[in-house]
**Student:** 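Input: one structure, supplied below.
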Amino acid sequence: MVSKRKDSVYRSGNSTSCLKAKCYTIEEYELLGVEREPGKPAFALMAERGTGRYIGSAFITLNREMRERLWERVQEHVGTAPKGMKRLSRA
């Protein structure tokens, strides 16, 4: 999220009139699948524990070996896109 002073104009790059804030949530979720496009980072598709309701996605920041192991396991269970997901899943 980027916040800026009311009287300033937004410009990309470093500025003294804008503040960039990164927000994080730490929780445990169920892994529904992985969305992966060539040349782009993979995303974990997540759901609430217990309900299975899709809540969003997050970058997968594992090392290469672990990402490949995860991808192999995901490919064994390919299915339809999670209920409530607004974009198509390629997993």
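Remember, predicted model here, so these are calculated numbers, not experimental data.
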**Student:** With Asp7, which residues qualify under side-chain contact (heavy atoms from CB on, under 4.5 Å), at least two apart?
**Tutor:** Arg5

**Student:** So, taking the atom named CD1 in Ile55 and the one named CD in Glu48, what distance separates them when rounded to the nearest 0.5 Å?
**Tutor:** 7.5 Å

**Student:** Side-chain heavy atoms nearer than 4.5 Å, only ILVMFWY residues, links allowed to pass through others: does that put Met46 and Leu62 together?
**Tutor:** no

**Student:** Starting at CG of Leu32, measure out to CZ of Arg53 and round the result to the nearest 0.5 Å.
**Tutor:** 11.5 Å

**Student:** So which atom in Ala42 and which in Val34 form the shortest heavy-atom distance, rounded to 0.1 Å?
**Tutor:** CB-CG1, 4.0 Å

**Student:** How far apart are the closest heavy atoms of Ala47 and Tyr29, and which atoms are they?
**Tutor:** O-CB, 3.4 Å

**Student:** Considering residues at least two apart in sequence or located in another chain, which fulfil the salt bridge (Lys or Arg N to Asp or Glu O under 4.0 Å) criterion with Glu30?
**Tutor:** none

